[in-house]
Amino acid sequence: MRLQTEYLVERYQENIFRAAFSIVKNCADAEDMVQDTFLQYLRSDREFDSEEHIKAWLLRTAINKAKNLRMAFWHRNKVSLEDYLATIPFENPMDHELIDAVLSLPQKYRLVVHLYYYEDYSVKEIAAVLTLSESAVKNRLLRGRQMLKNMLKEEWNDDE
């Protein structure tokens, strides 16, 4: 199965951007990951079983590209996440605290939390995209939630 690239871009570019951003923590780099991912799709002659298979492949490809970029030497000298987040207007101050907390999680927890809560993937789908067992995904979600709970509780207590 091959779908029109325009359709896929319109449908999944935001999902891919958010997944890449959760890793690279930089808007411009995440946008590059989106473009690179769709270029790779265009160049590939791979056959897919369904649209869900294509979506999973696109996300997996973007995640791998983002991880590779993050490992690059020059990437470490980019603008800090705090500087970028200061430029984003949030309607509710709690939204800013939550995104800060999620982005401060270790990558393996941040990624599953992002896919589960922001992309509405099921545990089974996350396991397939990240090539993990379902129990590993559940474990990471549990630990990620616990870390978030502790971080947000500390911030809440600090405000009192």
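Side-chain atoms are counted along with the backbone in the values below, which use heavy atoms only and exclude waters and symmetry mates.
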Would you compute the distance between atom [atom1] of [X] and atom [atom2] of [Y] and round it to the nearest 0.5 angstrom?
X	Y	atom1	atom2	value
D36	E31	CG	CD	12.0 Å
Q107	K25	CD	NZ	8.5 Å
R140	S135	CZ	OG	10.5 Å
E6	L8	CD	CG	9.0 Å
T37	I16	OG1	CD1	5.5 Å
E134	N139	CD	CG	13.0 Å

What closest approach, in Å, do [X] and [Y] show between heavy atoms, and which atom pair accounts for it?
X	Y	result
R60	V129	CD-O, 2.6 Å
V34	Q13	CG2-O, 3.9 Å
R18	Y118	NH2-O, 3.9 Å
L105	G144	CD2-O, 4.0 Å
A19	H114	N-NE2, 3.3 Å

For the pair K55 and Y121, evaluate side chain to side chain contact (heavy atoms under 4.5 Å, CB included) and give the outcome as yes or no after the intermediate values.
-> CA-CA 11 Å; K55 181 181 177 184; Y121 267 69; 3.0 Å; yes
Does the pair L69 and M33 meet the rule for a side chain to side chain contact (heavy atoms under 4.5 Å, CB included), with working shown?
-> CA-CA 9 Å; L69 178 70; M33 298 301 101; 3.8 Å; yes
Answer yes or no: is there a donor N or O on one side and an acceptor on the other, between the side chain of R143 and the main chain of Y109, under 3.5 Å?
->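 Checking the backbone N and O of Y109 against the side chain of R143, no donor-acceptor pair under 3.5 Å is found.
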Output yes when a side-chain donor or acceptor of Q35 lies under 3.5 Å from a complementary backbone atom of D32, and no otherwise.
->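 Between the backbone of D32 and the side chain of Q35 there is no qualifying donor-acceptor contact (under 3.5 Å).
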No-hydrogen, no-angle side-chain donor-acceptor test under 3.5 Å, Y12 and E51 |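 Side chains of Y12 and E51: pair found under 3.5 Å.
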Side-chain donor-acceptor pair under 3.5 Å between R145 and Y117, yes or no?
->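 Yes, Y117 and R145 have a side-chain donor paired with an acceptor closer than 3.5 Å.
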With side chain to side chain contact (heavy atoms under 4.5 Å, CB included) as the test, would you mind laying out the steps for N15 and L58 before giving the verdict?
-> CA-CA 10 Å; N15 303 67; L58 290 169; over 6 Å; no
In this structure, which one of D29, L103, I63, N64 forms a side-chain contact (heavy atoms from CB on, under 4.5 Å) with I23?
->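 Between I23 and the candidates, side-chain contact (heavy atoms from CB on, under 4.5 Å) is satisfied uniquely by I63.
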Less than 4.5 Å apart, any side-chain heavy atom of M151 and any of L148?
->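 With C-beta onward as the side chain, the pair touches.
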Any residue meeting side chain to side chain contact (heavy atoms under 4.5 Å, CB included) with A136, in chain and number order, not counting sequence neighbours |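 Side chain to side chain contact (heavy atoms under 4.5 Å, CB included) check on A136 returns L132, S133.
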Y116 atom OH: more than 12 heavy-atom contacts under 6.0 Å |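 Not more than 12 within 6.0 Å, no.
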Derivation of the side chain to side chain contact (heavy atoms under 4.5 Å, CB included) call for R46 and Y41 = CA-CA 8 Å; R46 183 177 181 153; Y41 175 79; over 6 Å; no
